[in-house]
Structures are given as C-alpha cells and as structure tokens.
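Please read the structure below before turning to the comments.
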Amino acid sequence: TPQPTITGADTCGLVVRLRGSQPPTSMYGYWSASQEGNTSYSYTTIEGTNNNMYNAVVMATHYGQATYTWNVVNAECTGRASAVYNFRAIPRPEAGPDMTVCGVEAVINGAYQSVENSSLQWSGAGVTFSSTSTIQPQVNANAGGTYVITLTERNGGECIGTDNLR
C-alpha cells in the first residue's frame, strides 16, 4: 500500500498550494477535499496545475477549515494522507471618514470590522486612545494639528488589513 504524506497550512484568502508527497513512477495520485457541515464544498485547480499533481494550486469556494486528502494509487491499493487547511478571510477594515476636530479629543465614528472574531488595533503617533482594541475609541491628541490614525485588523497570524484616517 502506498504511504503518501501531506502538510496542512493556514492561508490568507482562498488560494493555497497543496503539499503532498510525489508518488513513485509506477503510481499516480489525486486530491479530494471536504469541509465539515458543508456538503457542497469544492475547489478548482489553478495556475496550470491539475487534480493529479502532488503540488496542485487550488482555489477553495469557502473560507474556514477544509480537509484535503492526497490519494496515491498503485495497481491494487490506495494510500491516503489528510491534512487540514485553514482558509482565512483577508481583513479589509474601515477606519472611518477623515475628521476635522476642534480641540484635541474626539470619538472615532464610522469604523467597522470586516471579519467576525478578528482582532483590532488602533495606533497613531502623538495620540492616545481610550482603548486600542474597540471599534469606536476616544482619541486624544497631544496638541492641535494633523494626525494619521491607523486601524489594523488581524484574522489569525498572518492575515492583516489596515486603513487610515486623518
């Protein structure tokens, strides 16, 4: 029986390169996939790859975790190895419209978080926040002037989006 291997991964977006083991010359392989609770889960191979390539590039149809299985077949037996790939939505936060403020303090309005359960972080030179992780913090400037305030949204480790307001 063939003994394939596969390595799972987290990815930002819906595209990932699958990482199965190359089958021996006398064997062939193919990919299959499933997503818990989603009987219609599917994917498309892209970038000139196909379903029989151990290093196929796929575009998933849904965000979330999906299990990909690398099936390696010889004349009589099939070996399988499965791994979980986590497709994370790329954050696209909105810091809100630019503001003109009389004085040195204001509440940020109009901001929104684009991905449920992501984390937020407000930052800016020369300003402080009532909370750096809430959607509508109060901001205090050290003095009058123009400031750039950045909202960073993180969905898992490497999926990050930012937006600025002045």
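Quick note: numbers below take in every heavy atom, side chains included, and nothing from hydrogens, waters or symmetry partners.
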If you look at every heavy atom in Y147 and N142, which pair is closest and at what distance?
OH-N, 4.0 Å
Find out whether D10 and R88 are in side-chain contact, i.e. whether some heavy atom of one side chain is under 4.5 Å from a heavy atom of the other.
yes
With side-chain contact (heavy atoms from CB on, under 4.5 Å) as the test, pick out the partner of T45 among L18, V58, V57.
V58
Side chain of N51, backbone of W31: donor and acceptor closer than 3.5 Å?
yes
Does one hydrophobic cluster hold both V15 and V115, with members joined at side-chain heavy-atom distances below 4.5 Å?
no
Flag yes if V127 and I108 sit in one hydrophobic cluster, no otherwise; membership is Ile, Leu, Val, Met, Phe, Trp, Tyr, and two members link when side-chain heavy atoms are under 4.5 Å apart.
yes
Quick check: does any side chain N or O of T61 sit under 3.5 Å from a backbone N or O of S42, one acting as donor and the other as acceptor?
yes
What distance do N86 atom CG and Q65 atom CD have between them, rounded to the nearest 0.5 Å?
5.0 Å
If you take all heavy atoms of T78 and P2, which pair is closest and at what distance?
C-CD, 4.2 Å
Measure the CD-OH distance between Q35 and Y68 for me, rounded to the nearest 0.5 Å.
8.5 Å
Roughly how far, to the nearest 0.5 Å, is the CG atom of N140 from the CD atom of E105?
5.0 Å
dist N74:CG -> Y28:OH (nearest 0.5 Å) comes out at 9.5 Å
Exam field: side chain R19 to backbone T7, donor-acceptor pair closer than 3.5 Å
no
Can any side-chain N or O of S130 pair as donor or acceptor with the backbone N or O of Q138 at less than 3.5 Å?
yes
Do N71 and S32 pair up side chain to side chain, a donor and an acceptor below 3.5 Å, judged on atom types alone?
yes
Side-chain heavy atoms of P23 within contact of W70, under 4.5 Å
yes
Name all pairs fulfilling the salt bridge (Lys or Arg N to Asp or Glu O under 4.0 Å) condition that reach into residues 37-58, sequence neighbours left out, sorted by first residue then second.
none
Tell me, please, which residues at least two apart from F87 pass ring pair (Phe, Tyr, Trp, His ring centres under 6.0 Å).
none
Do Y30 and I46 belong to the same hydrophobic cluster, where Ile, Leu, Val, Met, Phe, Trp and Tyr are linked whenever their side-chain heavy atoms lie under 4.5 Å apart, directly or via other members?
no
Can you tell me how the ring of H62 sits relative to the ring of Y41, calling it parallel under 30°, perpendicular over 60° and tilted otherwise?
tilted
Can you measure from CD (Q136) to CG (N109) and round to the nearest 0.5 angstrom?
5.0 Å
Which heavy atom of Y43 sits nearest a heavy atom of A60, and at what distance?
CB-CA, 4.2 Å
M99 to A106 - nearest heavy-atom pair and separation:
CE-CB, 4.1 Å
What verdict does the side chain to side chain contact (heavy atoms under 4.5 Å, CB included) test give for Q113 and L120, after you've listed the backbone C-alpha separation in whole Å, the side-chain angles of each residue and the deciding distance to 0.1 Å?
CA-CA 8 Å; Q113 186 172 358; L120 299 175; 3.8 Å; yes
State, without any angle test, whether Q121 and T152 hold a side-chain donor-acceptor pair at a distance under 3.5 Å.
no
hydrophobic_cluster_shared for V101 and I149, side chain cutoff 4.5 Å:
yes
Check whether any side-chain N or O of N155 sits under 3.5 Å from a backbone N or O of A89 as a donor-acceptor pair, and report yes or no.
yes
Taken to the nearest 0.5 Å, the spacing of Q22 CD from M53 CE works out to 9.5 Å
If you look only at distance, which donor and acceptor atoms sit under 3.5 Å apart when one is on a side chain in residues 158-166 and the other is two or more places apart or in another chain?
residue : atom : partner : partner atom : Å
D163    : OD2  : A95     : N            : 2.8
N164    : OD1  : T150    : OG1          : 2.6

In one Ile/Leu/Val/Met/Phe/Trp/Tyr side-chain cluster, 4.5 Å: L14, I90:
no
Please test Y54 against T5 for side chain to side chain contact (heavy atoms under 4.5 Å, CB included), starting from the C-alpha separation and ending with a verdict.
CA-CA 10 Å; Y54 69 95; T5 60; over 6 Å; no
Where do G8 and A83 come nearest, in terms of heavy atoms and distance?
N-CB, 3.5 Å
Taking atom types as modelled, find out whether E94 and S114 have a side-chain donor-acceptor pair closer than 3.5 angstrom.
no
Just by distance, do the side chain of W122 and the backbone of S133 share a donor-acceptor pair under 3.5 Å?
no
Minimum heavy-atom separation for P4 to S21, with atom names?
CA-OG, 3.3 Å
